[in-house]
Amino acid sequence: MMPTRALTAVLTATLLFTAAEFAWLGSEDVNGALTYAGRLNGALLLLAAIIELAALSVYCNRLATRTKLKGYWCTTVVVATTISLIVNFMLLALQAESWSYTRCLWIWISLSASSLISVIFLYLQHQRQQIEIATPRALAVGAVITTMIAAANFGYAQIYQPYSTPASVSTTVEIGKADIANGRVTLPVRVKSRNTGRVSVYALGSLFQVSARGAISTDIPRTKQDWIEDINSSQSILLRYGDEKREKYDLLAQGRFMRVGRKLDPGTEAATDSLVEFPSSASYEAISATADMVYVRADRVVLASNEYAQSRRSSWHGSDGHTKSVTAPKWVAEQGTEILKYQSRIIHSNSFLEHTRNARYATLWWVLEEPEKTWNGPFLIAKVSPADEVDSRPRPTEPQQLSDAYGLDHSPSGRTQKTIRQLLN
């Protein structure tokens with residue numbers, strides 16, 4: 001067992017550094033947490049910092065006057081030490097859950113160990129009647145209630161609230177009436193995304209595409225074996241007198257319909273009207289259009305929109321030596337496929353998460369794929385991960401984990417398809 005003088009020094013240092021820790025974390029949350037519950041956590045931490053300082057003052061006064069620590073002053077020291085133990089153990093648990101390393105880990109470990117030693121030291125002193133705790137049974141009940149309140153508030157902010165208020169974004173694409181003039185067909189296309197939920201979101205990326213195909217009708221009915229081949233080629237609609245593989249889809253237009261990194265508040269929408277042109281001599285029979293938006297919840301992360309928007313890199317830059325080119329990992333796109341990439345660091349919703357996780361980056365790839373035998377063409381892929389895991393293939397459970405942690409999700413419009421005759425009429 002450590003000598004009493006050393007244990008006294010450990011207890012004093014624990015109260016001092018825990019007060020500084022709580023003041024640091026609490027001030028960050030009071031000023032910058034993204035939710036009301038997060039800011040309430042910050043206020044509670046500042047209150048805890050005051051309790052730690054009060055306990056430190058009481059204990060130092062006891063050492064200076066060499067009087068017995070007893071009554072409610074003793075209770076204050078015990079409560080402060082117990083709070084330090086609970087909070088730092090919670091921070092250690094959060095760090096272990098994320099499998100992350102940060103420099104703050106050594107703070108949680110040091111204060112957890114010193115808090116545990118201090119609690120044991122106070123308990124032994126109580127057993128030897130060197131200190132007197134006022135109403136120890138009431139103190140135990142209070143500690144349990146305080147722990148339950150802290151756990152409930154943190155669980156509400158991190159688990160219940162995100163599930164009870166899910167983010168919801170509706171994306172639609174409309175093809176308007178076509179116009180023919182001077183041998184050209186002009187086709188208006190309107191794309192919009194509306195935040196229909198109660199949570200703000202950041203748009204990591206948006207993409208729409210318009211493609212066209214010729215006739216796919218056949219005179220000979222297709223067989224069950226033909227349909228099996230269609231299923232194997234990922235076709236969702238099986239036609240008896242139609243074969244989509246007969247005609248190649250031509251990509252008429254693609255582009256974003258929303259500013260990269262834009263914040264979309266509940267009830268607001270972003271819309272873009274575009275004109276798509278092609279020669280009237282083209283033997284197209286049908287026009288297809290799709291749209292997609294990738295977003296993260298704004299109550300789970302802070303995204304530096306300007307930094308994110310300016311981070312654009314492409315696979316074709318670099319030849320002039322001014323801009324470094326990028327390549328997509330194999331699980332995103334095949335080698336030789338052109339891509340655009342956006343990436344910037346995110347900030348977590350509260351100080352507990354920010355300091356128990358290593359730096360995370362939001363990354364978006366816009367893959368400029370040409371449609372071939374099916375209507376699939378360019379697409380978006382997004383990921384939130386540490387810098388050294390950006391290019392690694394996601395685990396099977398990772399998409400759901402990213403959705404739960406950051407609200408990372410897609411808002412696809414579905415496929416809109418009309419015949420040329422419908423568009424002209």
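If you're wondering where the values come from, they're calculated on a predicted model, not measured in any experiment. Computation of the quantities below employed the complete heavy-atom set of this structure, encompassing side-chain atoms and omitting hydrogens, waters and symmetry-equivalent molecules.
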Has the side chain of [X] got a donor or acceptor atom that lies under 3.5 Å from a matching backbone atom of [Y]?
| X | Y | value |
| --- | --- | --- |
| Arg222 | Trp227 | no |
| Glu398 | Arg395 | yes |
| Ser403 | Gln400 | no |

Quick one: do the [X] and [Y] side chains pair a donor with an acceptor below 3.5 Å?
| X | Y | result |
| --- | --- | --- |
| Gln343 | Thr363 | yes |
| His355 | Gln95 | no |
| Thr268 | Asp265 | no |
| Gln417 | Ser288 | yes |
| Asn358 | Thr102 | no |

Open item on the list: Can you list everything that forms a side-chain contact (heavy atoms from CB on, under 4.5 Å) with Ile180? Sequence neighbours excluded, please.
Closed with: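 Ile180 satisfies side-chain contact (heavy atoms from CB on, under 4.5 Å) with Val185, Ser280, Leu424 once adjacent residues are dropped.
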Open item on the list: Under the criterion side chain to side chain donor-acceptor pair (under 3.5 Å), I'd like the reasoning laid out for Trp366 against Gln254: C-alpha separation, chi angles, the key distance, then a yes or no.
Closed with: CA-CA 11 Å; Trp366 173 359; Gln254 66 170 311; 3.2 Å; yes
- [ ] State which residue, out of Arg360, Arg345, Arg300, fulfils the salt bridge (Lys or Arg N to Asp or Glu O under 4.0 Å) condition with Glu354.
- [x]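 For Glu354, the salt bridge (Lys or Arg N to Asp or Glu O under 4.0 Å) test succeeds with only one of Arg360, Arg345, Arg300, which is Arg345.
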- [ ] For the pair Tyr361 and Val384, evaluate side-chain contact (heavy atoms from CB on, under 4.5 Å) and give the outcome as yes or no after the intermediate values.
- [x] CA-CA 5 Å; Tyr361 292 82; Val384 177; over 6 Å; no
Measure the shortest side-chain to side-chain distance between [X] and [Y] over non-hydrogen atoms and say whether it is less than 4.5 angstrom.
| X | Y | value |
| --- | --- | --- |
| Pro266 | Ser200 | yes |
| Asp250 | Arg213 | no |
| Glu21 | Asn88 | yes |
| Leu11 | Tyr59 | yes |
| Val87 | Ile83 | yes |
| Ser193 | Phe257 | yes |
| Leu45 | Phe352 | yes |
| Leu92 | Ile109 | yes |

Open item on the list: Working note: Trp365 + Leu380, criterion side-chain contact (heavy atoms from CB on, under 4.5 Å); need CA distance, chi angles, decisive distance, verdict.
Closed with: CA-CA 6 Å; Trp365 292 274; Leu380 302 174; over 6 Å; no
- [ ] Report the residues that fulfil side-chain hydrogen bond (donor to acceptor under 3.5 Å, both in side chains) with Thr327, sequence neighbours left out, ordered by chain and then residue number.
- [x]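 Here no residue qualifies.
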Open item on the list: If I compare all heavy atoms of Pro279 with all of Arg184, which pair ends up nearest, and what's the gap?
Closed with: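 Closest heavy-atom pair between Pro279 and Arg184: CG-NH1, 3.6 Å.
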TODO: Taking all non-hydrogen atoms of both residues into account, name the closest pair between Val296 and Leu204 and its distance.
DONE: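 Smallest heavy-atom distance, with atoms named: CG1-CD1, 3.8 Å.
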Open item on the list: The test is side-chain contact (heavy atoms from CB on, under 4.5 Å); show your working for Val302 and Ile346 and say whether it passes.
Closed with: CA-CA 6 Å; Val302 174; Ile346 62 169; over 6 Å; no
Return all side-chain donor-acceptor pairs below 3.5 angstrom for residues 405-414, not counting sequence neighbours, or 'none' if the list is empty.
unit_1	atom_1	unit_2	atom_2	d
Tyr406	OH	His348	NE2	3.2
His410	ND1	Asp292	OD2	2.8
Ser411	OG	Val169	O	2.7
Ser411	OG	Thr171	N	3.3
Ser411	OG	Thr171	OG1	2.8
Ser413	OG	Ala291	N	2.8
Ser413	OG	Ala291	O	3.2

Task: Residues, nucleotides or ligands: over 12 heavy atoms within 6.0 Å of Tyr123 OH - done: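 For Tyr123, atom OH is not crowded (no more than 12 foreign heavy atoms under 6.0 Å).
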Task: More than 12 heavy atoms from other groups under 6.0 Å of CH2 on Trp106 - done: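 No, because the 6.0 Å sphere around CH2 of Trp106 holds 12 heavy atoms or fewer from other groups.
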- [ ] State plainly whether the residues Arg312 and Glu307 are in salt-bridge range, i.e. N to O under 4.0 Å.
- [x]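 Glu307 and Arg312: not salt-bridged.
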Open item on the list: Suppose we call two aromatic rings close when their centres sit under 6.0 Å apart. Are Tyr284 and Phe278 close by that rule?
Closed with: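 Centroid separation for Tyr284 and Phe278: below 6.0 Å.
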Open item on the list: Does Thr186 form a side chain to side chain donor-acceptor pair (under 3.5 Å) with Asp179? I'd like the steps, not just the answer.
Closed with: CA-CA 5 Å; Thr186 303; Asp179 179 66; 5.1 Å; no
